[in-house]
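None of the values given here were measured: they were computed from a predicted structure. Below, read A as the first sequence line, B as the second, and so on, with proteins coming before strands; counting in each chain starts at 1.
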Protein chains: 2
Amino acid sequence: MTNLNPDFCEVNESLDILVGKWKPIILLNLLAESPMRFSELKKAIPKITQKMLTKQLRELESQEIIIRKVYAQVPPRVEYSITKYGKTLQPILDAMHEWGLKHKERTNSKITI
Amino acid sequence: MTNLNPDFCEVNESLDILVGKWKPIILLNLLAESPMRFSELKKAIPKITQKMLTKQLRELESQEIIIRKVYAQVPPRVEYSITKYGKTLQPILDAMHEWGLKHKERTNSKITI
DNA sequence: CCGCATCCTATCCGATACTG
DNA sequence: CAGTATCGGATAGGATGCGG
């Protein structure tokens with residue numbers, strides 16, 4: 001393994017998509033239930049601001065992980081869905097979730113010693 | 001799935017450890033070969049600055065993903081190894097690597113159309 | 001050989017206010 | 001309802017130079 005740099009490390013390809021304070025939570029929501037309206041996502045993730053929700057959704061959309069569908073209505077209705085491609089991230093999310101749980105156990109048992 | 005916020009999303013536990021421009025590459029190196037000297041890592045990852053290498057190593061050390069061993073010599077000799085705990089990240093790294101490869105194929109085939 | 005200190009820049013992210 | 005626009009603080013990361 002010689003002359004590595006981040007531009008040629010495939011791990012970073014998936015990392016780029018997942019990184020963002022709210023990306024994992026948004027993806028977990030849309031993997032569990034698609035489509036979801038903007039307001040439903042906002043309600044499911046109360047602490048996110050509208051600005052950040054919009055921004056992270058736009059980024060995921062531009063990477064074709066999710067799809068944004070606008071209905072020409074008043075008031076507006078916008079629905080977000082995970083794409084088939086986005087679903088391929090599931091194994092990664094699962095592995096990370098499982099590791100996270102173990103990590104928490106470990107951390108807790110340390111504190112209580 | 002209600003009232004989620006990043007502080008209670010287990011995915012972020014593992015993400016926190018992996019995020020950092022050079023963390024994945026450092027981990028892949030140490031997973032492939034442990035221990036490695038500071039200078040060996042620097043040589044394997046030419047574009048990283050000493051400051052960043054030191055910083056990322058310190059962070060991984062504080063999370064007990066790697067171990068830092070100093071030999072009382074002149075000149076100094078410092079070796080870094082992956083811990084048993086750090087090895088539990090391997091499935092995540094593997095999943096991300098595999099996804100990254102597929103992602104690159106996909107991206108390339110798009111460009112060449 | 002290994003690392004620290006300093007300075008600098010870019011981007012992330014939050015708070016708040018406004019709009020078709 | 002589903003966004004923009006603007007401001008400002010915090011953090012990540014790079015360049016460079018010094019030190020035991």
Side-chain angles (χ1 to χ4, degrees), chain A residues 4-9 11-12 15-27 29-30 33-63 66-81, chain B residues 3-9 11-12 15-27 29-30 34-63 66-81:
Chain A
L4 283 174
N5 91 51
D7 301 335
F8 301 104
C9 176
V11 172
N12 281 312
L15 217 41
D16 281 348
I17 289 173
L18 266 16
V19 171
K21 186 166 174 183
W22 307 92
K23 296 262 180 78
I25 291 185
I26 291 172
L27 289 173
N29 269 274
L30 290 179
E33 182 191 341
S34 283
M36 282 182 82
R37 298 184 60 166
F38 184 89
S39 53
E40 290 174 329
L41 281 165
K42 180 76 184 72
K43 193 186 287 183
I45 312 169
K47 295 202 177 184
I48 198 173
T49 60
Q50 286 199 335
K51 172 189 156 182
M52 284 311 294
L53 183 51
T54 301
K55 190 181 171 231
Q56 312 259 309
L57 287 169
R58 287 297 193 291
E59 288 173 14
L60 291 169
E61 187 197 2
S62 76
Q63 290 157 322
I66 64 174
I67 286 185
R68 176 171 182 264
K69 186 167 181 183
V70 184
Y71 293 84
Q73 299 179 1
V74 179
R77 174 189 190 87
V78 181
E79 287 183 349
Y80 294 90
S81 316
Chain B
N3 274 16
L4 283 173
N5 93 51
D7 301 336
F8 299 104
C9 176
V11 171
N12 280 311
L15 218 40
D16 280 350
I17 290 174
L18 265 17
V19 171
K21 185 165 175 184
W22 307 92
K23 297 259 180 79
I25 291 186
I26 291 172
L27 288 173
N29 269 275
L30 291 179
S34 282
M36 283 182 81
R37 297 185 59 166
F38 184 89
S39 52
E40 288 174 329
L41 280 165
K42 180 75 184 71
K43 193 186 289 185
I45 313 170
K47 296 202 176 185
I48 198 173
T49 61
Q50 285 199 337
K51 171 190 159 183
M52 284 311 296
L53 183 51
T54 302
K55 189 180 172 231
Q56 312 259 310
L57 287 168
R58 287 296 193 289
E59 288 174 14
L60 291 169
E61 187 196 3
S62 76
Q63 290 156 323
I66 65 173
I67 286 185
R68 177 171 183 264
K69 187 166 182 184
V70 184
Y71 293 84
Q73 300 179 359
V74 178
R77 174 189 189 87
V78 182
E79 286 182 349
Y80 294 91
S81 315

What is the distance from [atom1] of [X] to [atom2] of [N], rounded to the nearest Å?
X       : N      : atom1 : atom2 : result
B/Arg68 : C/dG3  : CZ    : C1'   : 8 Å
A/Lys55 : C/dA15 : NZ    : C1'   : 15 Å
A/Asn12 : D/dG13 : CG    : P     : 11 Å
A/Leu53 : D/dG3  : CG    : C1'   : 10 Å
A/Glu79 : D/dC1  : CD    : C1'   : 13 Å
A/Ile48 : D/dG3  : CD1   : C1'   : 14 Å
A/Glu59 : D/dG3  : CD    : C1'   : 16 Å
B/Gln50 : D/dT16 : CD    : P     : 14 Å

Closest listed nucleotide, where the reference is the side chain of [X] and the choices are [options]:
X       : options               : result
B/Trp22 : C/dG3, D/dG14, C/dC13 : D/dG14
A/Ser39 : D/dT6, D/dC1, C/dC12  : D/dC1
A/Pro76 : C/dC2, D/dG3, D/dC1   : D/dC1

Between the side chain of [X] and the main-chain N/O of [Y], is any donor-acceptor distance below 3.5 Å?
X       : Y       : value
B/Lys23 : B/Val19 : yes
A/Glu40 : A/Arg37 : yes
B/Lys42 : B/Ile48 : yes

Which sits closer to the 5' end of DNA chain C, A/Pro75 or A/Thr49, going by the nucleotide each is nearest to?
->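 Looking at the nearest nucleotide for each, A/Thr49 comes out on the 5' side.
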
5'-most by nearest nucleotide on DNA chain C - B/Glu40 or B/Lys51 =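 By nearest-heavy-atom nucleotide position, the 5'-most residue is B/Glu40.
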
Within the structure, does a side-chain N or O atom of [X] lie under 4.0 Å from either OP1 or OP2 of [N]?
X       : N      : value
A/Arg58 : D/dT4  : yes
A/Arg77 : D/dG3  : no
A/Lys21 : C/dG14 : yes
B/Arg37 : C/dC1  : no

Supply the atom-to-atom distance B/Ser39 OG to B/Glu79 CD, rounded to the nearest 0.5 angstrom.
->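 Here the interatomic distance stands at 9.5 Å.
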
Is A/Gln56 touching bases, backbone alone, or none of the nucleic acid, heavy atoms closer than 4.0 Å?
->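 Here A/Gln56 touches the backbone only, sparing every base.
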
Select base, sugar-phosphate, or nothing to describe what A/Tyr80 touches, counting heavy atoms under 4.0 Å on all strands.
->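 It contacts sugar-phosphate atoms only.
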
For the student: nearest non-hydrogen atoms of A/Leu30 and A/Met36, plus distance |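 Distance-wise, the nearest heavy atoms are CD2-CB, 3.8 Å.
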
